Amino acid sequence: GLRRELMPRHVAVIMDGNRRWARMKGLPVGLGYEAGVRSLRRIVELCGKWGISVLTVFAFSSDNWFRPKVETDLLMGLFESGLRNELQHLNSAYVRISIIGDSSKLLKPLRVLLADAMETTKNNSRLHLIIAVNYSGQSDVVQACQNLALKVKDGLIEPEDINEFLVERELETNCTDFPYPDLLIRTSGELRISNFLLWQLAYTELHFTNSLWPDFGEDEFLEALCSFQKRQRRYGGRNL
Ligand SMILES: CC(C)CCOP(=O)(O)OP(=O)(O)O
Ligand SMILES: [Mg+2]
């Protein structure tokens, strides 16, 4: 059975397979995305129940803009309405919300809502929900390098001072006590990272499942946690 003391502190999720789920049921794409939002709500609850500290979800990648505009509008609209409907509940459940990614491309009402959600929930400490919107793992590393280059240029640090800790501090996930996910879950059978977190996944246990995201429920989540607890994490060290 699951042991609470062996729980991952930080879980990252690539919520994939919403459109295939809709197509398999002969439903419009929008209902697949809506089912995906319900799935996310369920996993947030389960993280709170199992004492997981950080949940980072890939909600929209910078590549997703290449989808038909009607779909990206649908996704953005659902994201905004979902967050607007849930904010009060999340806040009262002591869930802190952070957004990572380039939000400058998002419409103003959504940008204002995101800033408000981050401000309202910034002191909540039960679960830290990090939502990656228009996020690119490579851009995250690039902006960290730019910040460090600026510090060298301003004479604040020397090039030889730059190490993993200085880089980590500049990454967008530095907004949490546990910036490195212990477990990454990707649904729908895809076996790719898709430019999600890159630097942060250096020692993360990877769990892939064929379940489509809308079908990823409590049983599937517990199965992923069980798989995680059975692994001997070596961090490249002792060769058991
Ligand atoms: C934007 C993202 C969270 C949606 C994930 O599902 P998806 O649209 O990639 O669905 P498919 O992989 O089935 O096309
Ligand atoms: Mg997909």
Side-chain angles (χ1 to χ4, degrees), residues 10-47 54-87 90 95 97-107 110-111 113-114 117 128-140 172-173 181 183-198 200-201 204 206-217 220-221 224:
H10 182 170
V11 175
V13 181
I14 303 179
M15 311 182 286
D16 205 357
N18 297 318
R19 294 183 301 186
R20 275 165 282 168
W21 180 87
R23 205 173 303 134
M24 279 168 62
K25 292 180 179 298
L27 298 172
V29 162
L31 292 186
Y33 289 145
E34 284 181 16
V37 171
R38 288 196 298 275
S39 230
L40 173 56
R41 197 176 296 140
R42 188 169 49 221
I43 298 304
V44 167
E45 296 284 333
L46 286 166
C47 285
V54 185
L55 171 65
T56 300
V57 295
F58 207 6
F60 192 86
S61 87
S62 45
D63 301 326
N64 287 145
W65 293 114
F66 297 115
R67 295 186 174 193
K69 188 172 179 331
V70 66
E71 276 196 33
T72 53
D73 288 351
L74 208 55
L75 259 174
M76 285 301 145
L78 264 173
F79 177 45
E80 182 173 343
S81 58
L83 185 56
R84 218 178 278 288
N85 298 338
E86 288 300 300
L87 185 54
L90 289 167
V95 175
I97 293 170
S98 290
I99 309 296
I100 59 174
D102 176 8
S103 50
S104 65
K105 269 188 77 172
L106 306 180
L107 293 175
L110 180 51
R111 281 207 312 271
L113 173 66
L114 296 178
H128 190 174
L129 172 59
I130 302 179
I131 307 174
V133 184
N134 194 23
Y135 178 80
S136 151
Q138 289 179 328
S139 303
D140 193 359
E172 294 182 69
T173 41
L183 169 65
L184 170 72
I185 296 169
R186 181 165 191 161
T187 57
S188 87
E190 305 294 3
L191 303 175
R192 300 188 291 273
I193 298 294
S194 301
N195 196 19
F196 188 24
L197 301 170
L198 294 181
Q200 301 90 330
L201 292 174
T204 302
L206 310 180
H207 177 82
F208 297 101
T209 171
N210 290 326
S211 300
L212 300 175
W213 176 245
D215 293 326
F216 190 83
E220 290 77 12
F221 188 54

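Nothing here was measured: the structure is a model prediction, and the numbers come from that model. Start at 1 with the first residue, then count along the sequence. All ligand and atom numbering here is 1-based and tracks the order in the structure.
Residues W21 and L27 meet the side-chain proximity criterion, which asks for heavy atoms closer than 4.5 Å. Considering only heavy atoms from C-beta on, V133 comes within 4.5 Å of M76 through its side chain. Side chains of E190 and I14 form no contact here, defined as non-hydrogen atoms less than 4.5 Å apart.
A donor-acceptor contact shorter than 3.5 Å is absent between the side chain of R38 and the backbone of P214. For the pair D140 (side chain) and L197 (backbone), a donor-acceptor distance under 3.5 Å is absent.
Contacts with ligand 1 closer than 4.0 Å are made by no heavy atom of M24, backbone or side chain. Counting heavy atoms under 4.0 Å from ligand 1, residue L75 touches it through the side chain alone. Under 4.0 Å from ligand 1, the heavy atoms of A59 that appear belong solely to its backbone.
If you number the atoms of ligand 1 from 1 as listed, the ones under 4.0 Å from a heavy atom of R67 come out as 7 (P), 8 (O), 9 (O).
Y33 counts as a contact of ligand 1, since one of its heavy atoms falls under 4.0 Å from the ligand.
With a cut-off of 2.8 Å, the Mg ion (ligand 2) has an N, O or S atom of D16 in range.
Scanning all heavy atoms of the two residues, the minimum distance from P181 to Q200 falls at CD-O, 3.3 Å.
Ligand 1 has no N or O atom lying under 3.5 Å from any N or O atom of S188, backbone or side chain. Considering backbone and side-chain atoms alike, N64 places every N or O at 3.5 Å or more from each N or O of ligand 1.
Nearest-residue assignment for atom 13 (O) of ligand 1 (options R23, E190, R20; heavy-atom criterion): R20.
Checking each of F196, W65, Y33 against F60 for a ring-ring contact (aromatic ring centres under 6.0 Å, His included) leaves exactly one that passes, namely W65.
Remark: minimum distance from atom 14 (O) of ligand 1 to any protein heavy atom is reached at R19 NE, 2.7 Å. For atom 4 (C) of ligand 1, the nearest non-hydrogen atom of the protein is N18 ND2, 3.4 Å. When only non-hydrogen protein atoms are considered, atom 5 (C) of ligand 1 lies nearest to M15 O, 2.9 Å.
S81 and R84 are not linked by any side-chain donor-acceptor pair at a separation below 3.5 angstrom, with hydrogens and angles left out of the test.
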